[in-house]
Amino acid sequence: MADFHLLTTDWYRQNHRDLPWRNTTDPYYIWLSEVILQQTRVAQGLSYYEKFVRNYPSLESLASAEEQQVLKDWQGLGYYSRARNLHFAAKQIMNEFEGNFPSSFRDLKKVKGIGNYTAAAIASFAYKEPVAVVDGNVYRVLSRCFDLSTPIDTSAGIKEFQDLAQLLIHPVHPDIHNQAIMELGALICTPKKPECNVCPINSICLARQNKTIENRPVKSKKTKVRQRYFHYFIEESNHIHLAKRSEKDIWQNLFEFPLFESLSEKDFQLKHKELSNKSIYHSEVITHLLSHQKLNVVFYHMKEINEEFDGREVFKIDVERLSDYPVPKLIENYIDRINNERK
DNA sequence: AATCCGGGGAT
DNA sequence: ATCCCAGGATT
């Protein structure tokens, strides 16, 4: 398919969105944008990109920041390991690479938080190295255009699509080639109701011919969700009590209210009955969805809270200092709710 | 090879 | 409710 490159890039030149990270070839800014956009829509990541460019205008500024501040700036974006790895990687590049941003696919992959996709993106956008990106968009476009039924979440599928994408890449213009195929997936070849009638490659799309568009790409697994049961404690005073999550679990290195976790629904209800009596007030059961977990949460307002809780140190914090502490969306939402009720 | 890690928007 | 988003690390 010699047409594939020509058709997609011609379309891209006329129809692409004007996004800030497309107006630079600085690998640092491209890196920031790519990490922010991992598993994240452009619309959601855009303001975070602008914030990070503003707060960390250089690799050095990011490397010399405190992790807690980086997490605070990341708050609300999810997948917080991205922020921890981003900060770790900035220091890594300062030390192992003497402050010079790695400039090849091979070296980029040595950096924490940079995998196949991000290494290919930076290498092709910043250095025009002919390496193909394979992200969710690429899986969709290629599986449809070539009508491939190999599940994309198996090692065979990963290899097949990576090889095909690499076969298609343009040796001289890998940057616009990669951008074009992803933009096509984002704007035209969408998961639901793709706009095949205006698609620049509809004339060579095999899934369109075979009427299998709705069944591409194929995925083999479905994620199952674990139930968890949290009891959070809030003291009725001028201070807020926070504890840091340090264990290998969700929200690592973020802060939350002192927590008691029930390990079963039965224990959750038992504990709820007991704590309802001891508390001044308690919220209803709030459910908070994560990709692999469903959190069932009750907030209990207490007269007093211990300084140590479940073996973790509890920090007593002035309400005004709350903005220094990164917290999960669940906690942020509840703090907002308390503040609104006081008005 | 399988599982874990968030939050939000579209359907 | 379900899917999936400019994925990567860990086991």
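Values below: every heavy atom of this structure, side chains too, minus hydrogens, waters and symmetry copies. Because the structure is predicted, anything quoted here is derived from the model rather than measured. The chains referred to below are lettered A, B, ... by the order of the sequence lines, with proteins before strands, and numbering in each begins at 1.
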Could you give the distance separating [M] and [N] at their [atom1] atoms, to the nearest angstrom?
N	M	atom1	value
C/dC4	B/dC5	C1'	15 Å
B/dT11	C/dA6	P	14 Å
C/dC3	B/dG6	C1'	15 Å

Please classify the nucleic acid contact of [X] as base, sugar-phosphate, or nothing, using heavy-atom distances under 4.0 Å.
X	answer
A/D153	nothing
A/T118	sugar-phosphate
A/W74	nothing

- Query: So with a 6.0 Å cut-off around CD of A/E50, is the heavy-atom count from everything else above 12?
  - Reply: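 Above 12, so yes.
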- Message: Clusters formed by hydrophobic residues whose side-chain heavy atoms approach within less than 4.5 Å: which one holds A/F105, and what are its other members?
- Response: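 Listed partners: A/V131.
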- Message: Which residues pass the ring-ring contact (aromatic ring centres under 6.0 Å, His included) test with A/Y325, not counting sequence neighbours?
- Response: A/F255
- Task: Just jot down the ring-ring contact (aromatic ring centres under 6.0 Å, His included) partners of A/F88, sequence neighbours excluded, or say none.
- Result: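 Not a single residue meets the ring-ring contact (aromatic ring centres under 6.0 Å, His included) criterion with A/F88.
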- Please name all residues satisfying salt bridge (Lys or Arg N to Asp or Glu O under 4.0 Å) with A/K128, sequence neighbours left out, ordered by chain then number.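 Here the qualifying residues are A/D175.
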- Apply salt bridge (Lys or Arg N to Asp or Glu O under 4.0 Å) to A/D10 and list each qualifying residue two or more places apart in sequence or on a separate chain. none
- Nearest-nucleotide check on DNA chain C, A/R22 vs A/G113; residue mapping nearer the 5' end is A/R22
- Going 5' to 3' through nucleotides 6-11 of chain B, assign each nucleotide B (protein heavy atom under 4.0 Å from a base atom), S (under 4.0 Å only from sugar-phosphate atoms) or - (no protein heavy atom that close). BBBB--
- Looking only at side-chain N and O atoms, does A/R140 come under 4.0 Å of OP1 or OP2 in C/dC5? yes
Measure the distance from [atom1] on [X] to [atom2] on [N] and round it to the nearest whole Å.
X	N	atom1	atom2	answer
A/K248	B/dC5	NZ	C1'	12 Å
A/Y139	C/dC3	OH	C1'	17 Å
A/E247	B/dC4	CD	C1'	15 Å
A/R228	B/dC4	CZ	C1'	11 Å
A/I152	C/dG7	CD1	P	11 Å
A/N116	C/dA6	CG	C1'	14 Å
A/F161	C/dG7	CZ	P	15 Å
A/N178	C/dG7	CG	P	13 Å

- Considering all heavy atoms, the nearest A/D135-A/M182 contact: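 Result for this residue pair: OD2-SD, 3.4 Å.
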- Item | Side chain of A/H292 - closest among B/dC5, B/dA2, C/dA6 |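 Between B/dC5, B/dA2, C/dA6, the one nearest the side chain of A/H292 would be B/dC5.
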